There are 2 protein chains.
Amino acid sequence: MADRAPTLHDVASAAGASKTSVSRYFGDERERLSAALQERIATAAEQLGFSPNRMARGLKGGHSRLIGMLVADIRNPFSVAVMHGVEQACRQHGYSLMLCNTDNAPSQEREHLALLASYRVEGLVINPTGSHQPALDAQTIPTVLLDRRLDHARADVVGLDNRLAIEMALDHLAAQGYREVFYLSEPAAQVSSREQRLASFRHGLAPRGLRGEVHCQAPDCADESLQAALSAFIQRPAAAPKAVLCANGNMTLAATRAFHALAIRPGATGLMGIDELDWCGLVEPGITTLAQPTAAIGHSAVACLLKRLADPARAIDDIQHSPTLMARGSTAAGTPPQPPPAASSGR
Amino acid sequence: MADRAPTLHDVASAAGASKTSVSRYFGDERERLSAALQERIATAAEQLGFSPNRMARGLKGGHSRLIGMLVADIRNPFSVAVMHGVEQACRQHGYSLMLCNTDNAPSQEREHLALLASYRVEGLVINPTGSHQPALDAQTIPTVLLDRRLDHARADVVGLDNRLAIEMALDHLAAQGYREVFYLSEPAAQVSSREQRLASFRHGLAPRGLRGEVHCQAPDCADESLQAALSAFIQRPAAAPKAVLCANGNMTLAATRAFHALAIRPGATGLMGIDELDWCGLVEPGITTLAQPTAAIGHSAVACLLKRLADPARAIDDIQHSPTLMARGSTAAGTPPQPPPAASSGR
DNA sequence: AGTTAGGATGGGAACGTTACCATTGCCACT
DNA sequence: AGTGGCAATGGTAACGTTCCCATCCTAACT
């Protein structure tokens with residue numbers, strides 16, 4: 001019969017009702033209709049296979065019921081896990097998620113931002129690419145920043161408690177008897193979470209009697225430079241065991257590959273990373289990680305966004321989640337854990 | 001100034017032009033406008049920060065410029081990789097992607113389908129959950145099925161050449177000297193790709209002089225049953241080496257975990273899987289896989305969809321991609337590869 | 001009985017855009 | 001000079017909804 005999708009009007013005439021009534025039925029005023037009318041509309045709609053046109057609805061009411069999400073790297077399991085949480089939370093609150101992947105490219109970030117704006121998304125969850133984006137700063141749509149802070153943008157931030165994470169990592173490494181730590185990160189400039197972790201690392205060394213060394217490099221870089229740096233670190237003579245600490249999942253993967261290429265089994269030389277990955281228990285002897293509560297992060301990002309939608313003027317939130325230590329063989333030094341150099345030994 | 005987003009009309013009056021001209025400027029008739037007018041509109045739009053409202057555009061023209069994608073399990077790296085390809089391809093063709101994750105739940109599949117329909121997406125890329133969905137069959141929106149065929153739905157299919165994949169796997173295992181193969185799959189009923197792989201497995205054994213055993217189980221199931229089955233298979237006395245073949249990435253992960261729990265190092269007992277994963281090179285001694293060309297699959301899914309959009313009546317496509325063998329240590333039997341029992345030895 | 005409150009319903013004007021048709025010039029024909 | 005055509009622009013009616021207001025009816029008041 002109808003070649004195109006049936007409209008409100010079609011349903012109305014089929015049910016012998018007015019557009020308004022049908023609109024009410026599908027909106028949130030269904031109770032205002034008499035039982036008889038509800039029945040008629042339900043039947044007619046069912047029969048025609050009607051589903052309200054969200055475009056039209058969004059146009060008239062100004063509510064798109066859409067939330068946009070910008071992910072820097074969709075192939076990063078951490079991002080996917082958070083995204084999963086975000087999507088669930090959105091759905092729970094009656095929003096749909098429009099997802100865009102920027103592949104860490106500022107140009108795509110800009111483009112997608114414009115796109116999402118043109119769909120009049122009501123809110124934005126953004127995991128920004130590193131580089132500074134004026135377009136992001138000028139954001140007029142309520143925004144929650146994921147994992148990465150942006151200096152110039154007035155937006156809520158949800159992510160990991162980076163200082164706590166690094167301290168937990170250093171505590172664990174120190175307790176396991178490691179005394180020198182090689183910190184492996186992607187280039188930290190411009191990316192707040194990396195900067196925070198790096199700074200916390202630097203500050204956290206001395207109080208624990210640790211020595212540290214920092215190595216930053218892009219993960220897509222050739223493996224050789226990482227291998228070389230790692231190998232130099234490991235071969236350098238030292239009195240106590242050494243460990244490698246990876247600032248995120250990408251680097252954990254890179255470091256594990258480097259260990260593998262150098263034919264070094266983690267443990268005697270420690271290996272630890274932030275972000276839990278499927279395979280961390282599988283690579284011998286198991287790789288110690290700090291797992292991020294990805295679902296919680298996703299949910300709280302949406303919760304935060306909705307709060308801002310409800311009250312645009314409220315103070316900016318900065319929600320920091322705590323990681324969970326997954327201790328495995330890669331940080332069992334082999335030498336029995338020694339008490340820290342100076343401190344009390346009783347406890 | 002303006003509290004809400006500026007409209008076409010705002011730009012028009014700011015530029016001293018008509019709505020039509022501005023519409024033309026932002027549509028695909030920009031060349032029809034004189035240079036002077038283009039200039040004026042560009043300036044005005046820039047200054048107001050105008051971006052056309054896609055909702056309104058979609059409403060009037062009937063073109064949402066939206067493609068919907070339904071993914072059964074967003075935490076499956078294979079799905080994500082394909083999705084990445086789909087998104088790229090969409091963007092290249094001027095479409096945006098609306099992504100929904102069904103978490104393998106038919107109810108969510110139904111729900112999301114309705115949602116996408118209500119946004120009037122022009123096409124659908126679906127990776128169906130297993131169970132039979134009348135809603136999917138009745139699909140009136142042009143649809144491409146990913147990886148999984150649906151009996152009752154008239155839709156194009158894009159995926160792996162499952163028969164070829166299994167044959168490549170069996171060829172490889174046979175060539176490496178394995179003679180008994182334990183086939184590990186998620187429950188195959190209702191899911192065409194699993195059924196195809198399973199059937200190909202069964203048919204491919206005899207010609208190669210192999211013996212086979214099939215084990216199906218849900219991946220979220222407790223590990224013990226898998227471990228028990230695996231252990232029974234491995235301990236059974238046999239004249240020649242045995243191998244485990246995993247039907248997809250999830251099962252490869254499960255099997256690797258089981259090997260790990262049983263403290264068996266793959267190799268003497270072979271281990272191989274369909275789907276390449278980050279860590280397959282990392283787990284000792286490297287896990288042999290068949291990599292799917294995920295980007296190509298994503299791109300061809302969109303290409304296929306666009307062809308159908310252009311010509312709804314054309315014959316149904318069934319595009320099968322070929323996998324790539326990533327041979328690693330987990331299928332190096334240790335015994336030198338013997339020539340197949342009967343066949344010619346000269347080649 | 002007359003008035004009024006209020007519940008149920010319908011009519012019509014937006015929302016921001018595009019599609020169609022109309023209008024204006026201007027130039028090149030015969 | 002008159003006509004036709006084309007290029008450049010503008011006006012207006014949709015698209016499918018929701019929102020505001022009007023209308024009707026029933027029931028409960030004075």
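The model shown is predicted, which means the values in this text are computed figures rather than measured ones. Convention: sequence-line order gives letters A, B, ...; per-chain numbering from 1.
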A.B. asks: Given atom NE2 of A:His9 and atom P of C:dG12, what is their separation to the nearest angstrom?
C.D. replies: 11 Å

A.B. asks: Apply the side-chain contact (heavy atoms from CB on, under 4.5 Å) test between A:Ser79 and each candidate in A:Thr294, A:Asn127, A:Asp147; give the one that qualifies.
C.D. replies: A:Asn127

A.B. asks: Would you indicate which nucleotide in D:dT18, C:dT9, C:dA19 comes nearest to any side-chain atom of A:Leu37?
C.D. replies: C:dT9

A.B. asks: Measure from CD on A:Glu39 to C1' on C:dT9 and round the result to the nearest Å.
C.D. replies: 18 Å

A.B. asks: Of the nucleotides D:dT17, C:dC15, C:dG10, which has the atom closest to the A:Phe50 side chain?
C.D. replies: D:dT17

A.B. asks: Heavy atoms from C-beta onward define the side chain here; which of D:dG16, D:dT12, C:dT9 lies closest to that of B:Thr20?
C.D. replies: D:dT12

A.B. asks: Mind calculating the distance between CZ (A:Arg120) and C1' (C:dG16) to the nearest angstrom?
C.D. replies: 9 Å

A.B. asks: Please report the distance, rounded to the nearest Å, between CZ in B:Arg57 and P in C:dG16.
C.D. replies: 15 Å

A.B. asks: With a non-hydrogen cut-off below 4.0 angstrom, is B:Tyr25 in contact with a base, only sugar-phosphate, or nothing?
C.D. replies: nothing

A.B. asks: Can you tell me how far P of D:dG10 sits from CZ of B:Arg24, to the nearest Å?
C.D. replies: 9 Å

A.B. asks: Mind calculating the distance between CZ (A:Arg54) and C1' (D:dT18) to the nearest angstrom?
C.D. replies: 14 Å

A.B. asks: Calculate the interatomic distance between A:Met55 atom CE and C:dG16 atom C1'; express it in whole Å.
C.D. replies: 13 Å

A.B. asks: Nearest of C:dT9, C:dT17, D:dT17 to any side-chain atom of B:Ala56?
C.D. replies: C:dT17

A.B. asks: Assess whether one donor atom and one acceptor atom, taken from the side chain of B:Ser21 and the base of D:dG10, lie less than 3.5 Å apart.
C.D. replies: no

A.B. asks: If we only count heavy atoms from C-beta on, is the A:Leu124 to A:Pro142 side-chain gap below 4.5 Å?
C.D. replies: no

A.B. asks: Closer to the 5' end of DNA chain D via nearest nucleotide, is it B:Leu33 or B:Lys60?
C.D. replies: B:Leu33

A.B. asks: Tell me which nucleotide among D:dG10, C:dT18, D:dT18 gets nearest to the side chain of B:Ser18.
C.D. replies: D:dG10

A.B. asks: Hey, are the side chains of B:Asp156 and B:Leu145 touching, using non-hydrogen atoms and a 4.5 Å cut-off?
C.D. replies: no

A.B. asks: Is it the case that more than 12 heavy atoms not belonging to A:Glu29 sit under 6.0 Å from its CD atom?
C.D. replies: yes

A.B. asks: Assign B:Ser23 to base, sugar-phosphate, or nothing according to its heavy-atom contacts below 4.0 angstrom with the strands shown.
C.D. replies: base

A.B. asks: With no angle test and no hydrogens, is the base of C:dG7 tied to the side chain of A:Ser34 by a donor-acceptor pair under 3.5 Å?
C.D. replies: no

A.B. asks: Hey, are the side chains of B:His299 and B:Gln92 touching, using non-hydrogen atoms and a 4.5 Å cut-off?
C.D. replies: yes

A.B. asks: Need one value for A:Phe26: base, sugar-phosphate or nothing, where a base atom within 4.0 Å counts as base even if backbone is also close, heavy atoms only.
C.D. replies: nothing

A.B. asks: CG of A:Leu8 versus P of C:dG12: gap in Å, rounded?
C.D. replies: 16 Å

